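Sequence positions, counted from 1, serve as the residue numbers for this chain. Since this is a predicted model, take the numbers as computed values, not measurements.
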Amino acid sequence: MADSNRNWTRLVTRAAVVLGIGAVVAALVAAVGSATGMWSFRAGLTALRYLFFAAAAGAFLGLIGLFLARRRAKLMLANLLALVVALGFVLYLGNLVRIAKSVPAIHDVATDLDDVPQFSRLQVRADNLENIPDEGKAELKALPPEQRWKAVHRAHYGDLRTVRLPAPPDQTVRRAASLARERGWQVALVDEDSVEATATSTFFRFKDDVVVRVRPAPGGGSLVDMRSISRVGGSDVGMNAKRVRAFLSDLQK
């Protein structure tokens with residue numbers, strides 16, 4: 001009976017390690033593969049969906065393994081490691097899902113919807129205004145894509161607005177370019193009234209294009225607008241709005 005219990009403990013521990021830690025390793029492989037073009041980003045994100053459940057199973061088995069392996073230090077340590085790693089991964093992905101459900105499924109944000117900042121060097125994706133969500137509202141569904149995008153944008157990102165700075169436009173442009181480089185963005189253009197750059201995410205290497213537009217303000221100073229667009233995907237999980245808020249906040253300091 002004791003041998004049977006030991007065998008079950010080892011089996012549960014191995015399963016916890018394979019599912020819990022293996023899911024995280026597989027997620028890193030999925031991210032690297034998408035980043036290097038070995039497969040599409042959609043394939044990588046689909047893999048994460050299944051790996052979420054694998055990690056959840058690993059965490060569950062790790063918890064059971066901790067109970068079965070009591071007073072057996074090595075097996076307890078293995079189960080504890082699997083539990084911590086898997087649970088951390090599950091909470092991380094779960095938080096992303098929570099954020100995705102709390103923001104609109106759009107990937108293009110700007111501070112001025114009446115006069116949207118335009119790119120001159122970087123190109124806006126060809127399908128930028130396709131698949132704009134109507135959020136189940138008939139009045140949104142009836143609108144043309146651009147107007148629907150603006151309506152959804154105003155409803156969710158009304159806090160994104162033009163910023164006024166006391167510095168003259170030339171200084172503001174230089175500061176914006178410097179700030180973009182400090183963030184590790186690839187700067188594509190710096191001219192007298194705008195900065196264009198590309199931000200790249202850490203794991204999947206998703207690329208978002210950014211334009212910062214600077215105009216003279218009446219009475220002196222600068223009026224700054226910003227736009228950030230994801231190159232792929234429908235929803236940006238709120239990342240573009242987060243980027244614009246953080247950048248303009250730093251620019252004002």
Side-chain angles (χ1 to χ4, degrees), residues 34-35 40-42 44-45 96-137 139-163 173 176-177 179-180 183-191 193-215 223-251:
S34 295
S40 70
F41 79 94
R42 289 186 178 86
L45 293 179
L96 288 182
V97 172
R98 179 191 64 80
I99 294 173
K101 290 182 177 180
S102 69
V103 298
I106 59 177
H107 53 263
D108 182 353
V109 304
T111 57
D112 186 349
L113 298 182
D114 296 318
D115 184 9
V116 181
Q118 301 297 320
F119 292 87
S120 60
R121 178 69 57 83
L122 299 174
Q123 291 187 340
V124 175
R125 52 190 282 187
D127 64 343
N128 191 49
L129 290 180
E130 293 181 9
N131 303 315
I132 301 298
D134 59 29
E135 300 185 331
K137 300 176 181 178
E139 62 272 22
L140 289 179
K141 187 175 182 179
L143 294 174
E146 183 175 1
Q147 295 305 314
R148 190 185 315 142
W149 166 66
K150 290 182 178 181
V152 172
H153 190 299
R154 286 191 175 99
H156 293 273
Y157 296 134
D159 63 305
L160 299 182
R161 298 176 182 176
T162 302
V163 169
V173 168
L179 196 56
R183 280 166 154 72
W185 300 353
Q186 183 178 357
V187 176
L189 173 70
V190 180
D191 62 19
D193 61 1
S194 65
V195 176
E196 296 182 27
T198 301
T200 305
S201 66
T202 303
F203 294 110
F204 274 80
R205 310 303 290 172
F206 291 134
K207 295 184 182 298
D208 298 338
D209 292 324
V210 173
V211 56
V212 180
R213 184 182 68 195
V214 182
R215 292 173 169 174
L223 295 176
V224 183
D225 284 293
M226 186 171 176
R227 185 182 185 186
S228 185
I229 305 177
S230 299
R231 289 189 182 179
V232 297
S235 173
D236 62 6
V237 199
M239 289 305 299
N240 284 302
K242 181 179 180 181
R243 177 180 299 110
V244 170
R245 292 188 189 103
F247 187 91
L248 293 181
S249 176
D250 286 349
L251 193 63

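Residues Phe247 and Val212 are in side-chain contact: their nearest non-hydrogen atoms beyond the backbone lie under 4.5 Å apart. Using a 4.5 Å cut-off on side-chain heavy atoms (C-beta onward), Tyr157 and Val244 make no contact. Between Val163 and Leu251 the shortest side-chain heavy-atom distance does not fall below 4.5 Å. Within the 4.5 Å cutoff, the side chain of Gln186 has no heavy atoms near those of the Thr200 side chain. Two residues are said to be in side-chain contact when any heavy atoms from C-beta on lie closer than 4.5 Å; Phe204 and Leu45 meet this criterion. With contacts defined as side-chain heavy-atom distances shorter than 4.5 Å, the pair Pro104/Glu135 qualifies. The closest side-chain heavy-atom distance from Asn128 to His107 is below 4.5 Å.
Here Glu146 contributes atom CD and Lys150 contributes atom NZ; the two are 4.5 Å apart, rounded to the nearest 0.5 Å. Taking NZ from Lys207 and CZ from Arg125, the interatomic distance works out to 15.0 Å, rounded to the nearest 0.5 Å. Distance NE2/His153 to CD1/Ile106: 5.5 Å, rounded to 0.5 Å. Of the inter-residue distances, the one linking Arg243 atom CZ with Ser230 atom OG reads 7.0 Å to the nearest 0.5 angstrom. The CG atom of Leu223 sits 6.5 Å away from atom OG1 of Thr162, with the distance rounded to the nearest 0.5 Å. Distance check, rounded to the nearest 0.5 Å: CG of Leu160 to CE of Met226 gives 10.0 Å.
At distances below 3.5 Å, not a single donor-acceptor pair connects side-chain atoms of Arg231 with backbone N or O atoms of Asp209.
Between Arg213 and Asp115, at least one side-chain nitrogen of the basic residue sits less than 4.0 Å from a carboxylate oxygen of the acidic one, meeting the salt-bridge criterion. At a threshold of 4.0 Å, the pair Arg215-Asp193 does not count as salt-bridged, since none of the basic side-chain nitrogens sits closer than that to a carboxylate oxygen. With salt bridges taken as basic N to acidic carboxylate O contacts below 4.0 Å, none links Asp134 and Arg148.
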_Test salt bridge (charged side-chain N to carboxylate O under 4.0 Å, His left out) applied to Asp191 and Arg121, step by step_ = CA-CA 11 Å; Asp191 62 19; Arg121 178 69 57 83; over 6 Å; no
*How far apart are the C-alpha atoms of Val103 and His156, what are their side-chain angles, what is the distance that settles it, and do they pass the side-chain contact (heavy atoms from CB on, under 4.5 Å) test?*
CA-CA 7 Å; Val103 298; His156 293 273; over 6 Å; no
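Screening Thr111, Asp236, Asn240, Asp208 for a side chain to side chain donor-acceptor pair (under 3.5 Å) involving Ser228 leaves a single residue, Asn240.
More than 12 non-hydrogen atoms from other residues, nucleotides or ligands lie less than 6.0 angstrom from CZ of Arg183. Atom NZ of Lys242 has 12 or fewer heavy atoms from other residues, nucleotides or ligands within 6.0 Å. Counting non-hydrogen atoms of neighbouring residues, nucleotides and ligands closer than 6.0 angstrom, the CZ atom of Arg154 exceeds 12 such neighbours.
In summary, the side chains of Glu196 and Ser120 do present a donor paired with an acceptor at a separation below 3.5 Å, with no hydrogens or angles considered.
Taking each heavy atom of Leu129 and Ile132 in turn, the nearest pair found is O-CG1, 3.4 Å. Here the closest heavy-atom approach between residue Val211 and residue Gln118 is recorded as CG2-O, 3.7 Å. Taking all atoms of both residues into account, the shortest heavy-atom contact from Ile99 to Val237 is CG2-O, 3.4 Å. Between Asp108 and Trp149, the closest heavy-atom pair is O-NE1, 2.8 Å. Of all heavy-atom pairs spanning Ala110 and Pro117, the tightest one is CB-CD, 4.2 Å. Nearest heavy atoms, Ala177 versus Val187: O-CG2, 4.3 Å.
Using the six-membered ring where Trp is involved, Phe41 and Phe206 have ring planes that are perpendicular, over 60° apart on the 30 and 60° scheme.
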